[in-house]
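These notes are about the structure you will find just below.
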Amino acid sequence: MGRISHSLCLLALFFLFAGCSKDGNFVVDRMDGETHSGDVPSRNGRVPNDVKNVMLLYSAGFNSLSPFLSEDISDLSQGTLPGNGPDDHILLVFSQLPTYYGNYSTKVSPVLFRMYRGDDGFPVRDTVKVWPVDTRASDARTVHDVLDFVYKSYPADGYGMVFSSHGTGWLPSGYYTNPSYFDSSFDDGSSFSWVSRRSAPKNYPREYPEIEPFPVVKSVGQDEGSPSVEIELADFAAAIPYKLDYLLFDACLMGTVEVAWELRGKASIVGFSQTEVLAEGFNYHTITTHLLTEFPDPVAVCRDYFELYDARSGSERSATISVVDTDKMDALAEVCRTLFAKYRTQMDEVSSTKVQRYYRYSRQWFYDLRDILKQSGASHEDLELLDGALSQCVIYKAATPNFLSIPIKTACGLSMYLPKDGSEYLDNFYRSNISWNDATALVQ
């Protein structure tokens, strides 16, 4: 699920901010083409460089989020920017936005630019590389190419990425938007008659409510147009060519144990939301103060995000967030494998209405990991084992009392698939594509 536009007034912000990156406050120098070439050495044992840390904002915005992602870049320019000296940190933005909102038929070249504050105090955008016009930002090959280019062009002590776009966690591409394309027991009114049906779901309601114009939802990233392009979770992880210090998702529903486990070895620290994310997303005014330092602090970014929304009122007070140390997830997998086997029958019979959910629109594929086991009758001793394993890897978590219409009564920091509310198609996909299942045998 991509970041969700909460009200029509947010859409109006596009017309206020969309042009900020092209106003007189920006000096744009173009130097298209690669700046460095050669083999990429291993990060292990690299000689320290003058550049200390590189932050990449990967903004896959050729979709309904384009006005909000454009505003994010504008907000970055108003915050703390590095200088352009040899000892300064590096702030890079990879962006693909439509020429104007809603025009997805016009091809747009993705661009990588460096942002810094010039000697005159004004923000500068230096275009570093322009990709071919038929390149899609929401393509695993592009993710790999951008990260590889960044590594070659900016040798540094550390690298981190903020990924901003649509997202639907571990689900197959397109499933969230149109599940009846994949499963045949219901009709949401959006499927074409010629679509081949694959398998029958288990416990789905007959109909899915229409998804509002906002949000438009996909798996990891989304490029609209013909055809629409998305990235599968496994492909996204495989596309990362070196281990990132942190990877923060400014996208909906990415806060799953399946996502965190898939990114082991790809990002030490992962930050994400269990629910959707209001379209404004992270606090881009302050994000660089936490990430472009000698010791980047992704937890502070997520704390800023939570505090920004927790200070609001009404439905605007809506946020869930957590930060996971993926290098410390082994104990969680071991405990879960044991408990899934022990409570398998109870998990198949649990009343899902009693389990903490993170979804809307009856898209019931995101439940609280701990609460699944608690509501399945796990003993106090077993829950203590689970809590111990969670505390090792979940280093920060926070949630407002509600996320829009969803009461948040408990939150362990990770959501998970509940097979009882899944389908044969999803079970097959889960077994074949989700490495969390290899570690825990959730779906047999």
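Treat the numbers as computed from the prediction; the structure is a model and nothing was measured.
- Inspection of the Gln356 and Thr410 side chains reveals no N or O donor paired with an N or O acceptor under 3.5 Å.
- Looking only at atom types and distance, the side chain of Arg114 has a donor-acceptor partner in the side chain of Asn84 under 3.5 Å away.
- Using a 4.5 Å heavy-atom cutoff, the side chains of Leu386 and Leu332 are in contact.
- Donor-acceptor pairing under 3.5 Å is recorded for the side chains of Thr320 and Thr275.
- Counting only N and O atoms by type, the side chains of Ser268 and Asp245 include no donor and acceptor under 3.5 Å apart.
- Remark: the Gln364 side chain and the Ser352 side chain contain no N/O donor-acceptor pair separated by less than 3.5 Å.
- More than 12 heavy atoms of other residues, nucleotides or ligands lie within 6.0 Å of CG in Asp134, so this atom counts as buried by the packing criterion.
- To the nearest 0.5 angstrom, Ser273 atom OG is 11.0 Å from Phe366 atom CZ.
- Side-chain N or O atoms of Thr168 include none that pairs as donor or acceptor with a backbone N or O of Leu171 at under 3.5 Å.
- Between Met115 and Leu76 there is a side-chain heavy-atom pair separated by less than 4.5 Å.
- The closest donor-acceptor contact from the side chain of Ser165 to the backbone of Ala60 lies under 3.5 Å.
- When each of Tyr305, Phe236, Phe282 is paired with Phe249, the ring pair (Phe, Tyr, Trp, His ring centres under 6.0 Å) condition holds for Phe236 and for no other.
- Taking both residues in full, the closest heavy atoms of Gln274 and Ser322 are given as NE2-OG, 2.9 Å, listed atom of the first, atom of the second, then distance.
- Note: Trp131 and Phe94 meet the aromatic proximity criterion, with ring centroids under 6.0 Å apart.
- At a threshold of 4.5 Å between non-hydrogen side-chain atoms, the residues Leu81 and Leu91 count as touching.
- Formation of a donor-acceptor pair under 3.5 Å by the Ser74 side chain with backbone atoms of Ser70 is not found in this model.
- For the side-chain contact (heavy atoms from CB on, under 4.5 Å) criterion with Val257, the lone passing option out of Leu390, Val394, Leu414, Leu442 is Leu414.
- The CG atom of Asp387 sits 7.5 Å away from atom OG of Ser391, with the distance rounded to the nearest 0.5 Å.
- Counted by atom type alone, Asp368 and Tyr358 present one or more donor-acceptor pairs between their side chains at under 3.5 Å.
- The backbone N or O of Glu424 lies less than 3.5 Å from a partner atom in the side chain of Asn428, making a donor-acceptor pair.
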query = Does the pair Val133 and Val108 meet the rule for a side-chain contact (heavy atoms from CB on, under 4.5 Å), with working shown?
reply = CA-CA 5 Å; Val133 70; Val108 178; 5.9 Å; no

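- Residue Lys266 qualifies as enclosed at atom NZ: its count of foreign heavy atoms under 6.0 Å is above 12.
- Ionic pairing of Asp327 and Arg264 is not present here: no N-O contact between side-chain nitrogen and carboxylate oxygen is shorter than 4.0 angstrom.
- Of the inter-residue distances, the one linking Arg337 atom CZ with Asn437 atom CG reads 9.0 Å to the nearest 0.5 angstrom.
- A salt bridge links Arg312 with Glu280: at least one charged nitrogen is closer than 4.0 Å to a carboxylate oxygen.
- Using modelled atom types, one side-chain atom of Gln96 and one backbone atom of Ala137 make a donor-acceptor pair closer than 3.5 Å.
- Side-chain contact check for Thr256 and Ser415: no donor-acceptor pair (N or O, by modelled atom type) lies under 3.5 Å.
- Counting heavy atoms from C-beta outward, Val162 and Leu56 have side chains that stay 4.5 Å or more apart.
- Closest heavy-atom contact between His290 and Ala300: ND1-CB, 3.4 Å.
- Between the side chains of Tyr159 and Asn53, no donor-acceptor pair of N or O atoms lies under 3.5 Å.
- When all heavy atoms of Tyr430 and Met416 are compared, the pair lying nearest together is OH-CG, 4.3 Å.
- Tyr367 and Asp421 share a donor-acceptor pair across their side chains, judged by distance under 3.5 Å alone.
- Side chain of Arg317 to backbone of Asp310: a donor-acceptor contact under 3.5 angstrom is found.
- Side chains of Thr286 and Asp304: a donor-acceptor N/O pair is present below 3.5 angstrom, by distance only.
- Side-chain contact between Leu112 and Val93 is absent, with no heavy-atom pair separated by less than 4.5 Å.
- Among the candidates Phe429, Tyr176, Tyr175, the single residue satisfying the ring pair (Phe, Tyr, Trp, His ring centres under 6.0 Å) test with Phe182 is Tyr175.
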inquiry  = Using side-chain contact (heavy atoms from CB on, under 4.5 Å), reason through Arg360 and Glu276 one step at a time and then give a plain yes or no.
reply    = CA-CA 9 Å; Arg360 299 186 300 147; Glu276 298 159 272; 2.6 Å; yes

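- Between Tyr284 and Asp250, the side chains place a donor N or O and an acceptor N or O closer than 3.5 Å (distance only, hydrogens not considered).
- Taking OH of Tyr154 as the reference point, atom CG of Leu92 lies at 5.5 Å (rounded to 0.5 Å).
- Under the 6.0 Å cut-off for aromatic ring centres, Phe306 and Tyr396 do not qualify, their centroids lying 6.0 Å or more apart.
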key: Cys393 vs Thr326, side-chain contact (heavy atoms from CB on, under 4.5 Å): CA-CA, chis, key distance, verdict   = CA-CA 7 Å; Cys393 60; Thr326 65; over 6 Å; no

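- Inter-residue side-chain proximity for Pro419 and Asp427 is flagged as met; some heavy-atom pair is nearer than 4.5 Å.
- For Ile287 against Met55, the heavy-atom pair with the smallest separation is CG2-CE, 4.1 Å.
- For the atom pair CE (Met329) and SG (Cys336), the distance works out to 8.5 Å, reported to the nearest 0.5 Å.
- Contact check for Phe340 versus Ile372: no side-chain heavy atoms found under the 4.5 Å cut-off.
- For the pair Arg357 and Tyr359, the cation-pi test (distance below 6.0 Å, angle within 45°) is passed.
- Residues Ile240 and Leu247 have side chains in contact (heavy-atom distance under 4.5 Å, counting atoms from C-beta outward).
- In this structure Asn402 satisfies the side chain to side chain contact (heavy atoms under 4.5 Å, CB included) test together with Pro407, sequence neighbours excluded.
- We find the CG-SG distance between Asn283 and Cys302 to be 12.0 Å, quoted to the nearest 0.5 Å.
- Salt-bridge formation is detected for the pair Arg141/Asp139: a Lys NZ or Arg NE/NH1/NH2 atom is positioned less than 4.0 Å from an Asp or Glu carboxylate oxygen.
- Asp126 and Tyr116 form a side-chain donor-acceptor contact under 3.5 Å, judged by distance and modelled atom types alone.
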request  = Decide yes or no on side-chain contact (heavy atoms from CB on, under 4.5 Å) for Val143 and Ile231, but give the supporting numbers first.
outcome  = CA-CA 10 Å; Val143 173; Ile231 312 175; 4.0 Å; yes

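- In terms of heavy atoms, Tyr309 sits closest to Ala319 at CB-CB, 3.8 Å.
- Checked by atom type and distance alone, the side chain of Ser109 never pairs as donor or acceptor with a backbone atom of Val130 at under 3.5 Å.
- When all heavy atoms of His89 and Leu292 are compared, the pair lying nearest together is CD2-O, 3.3 Å.
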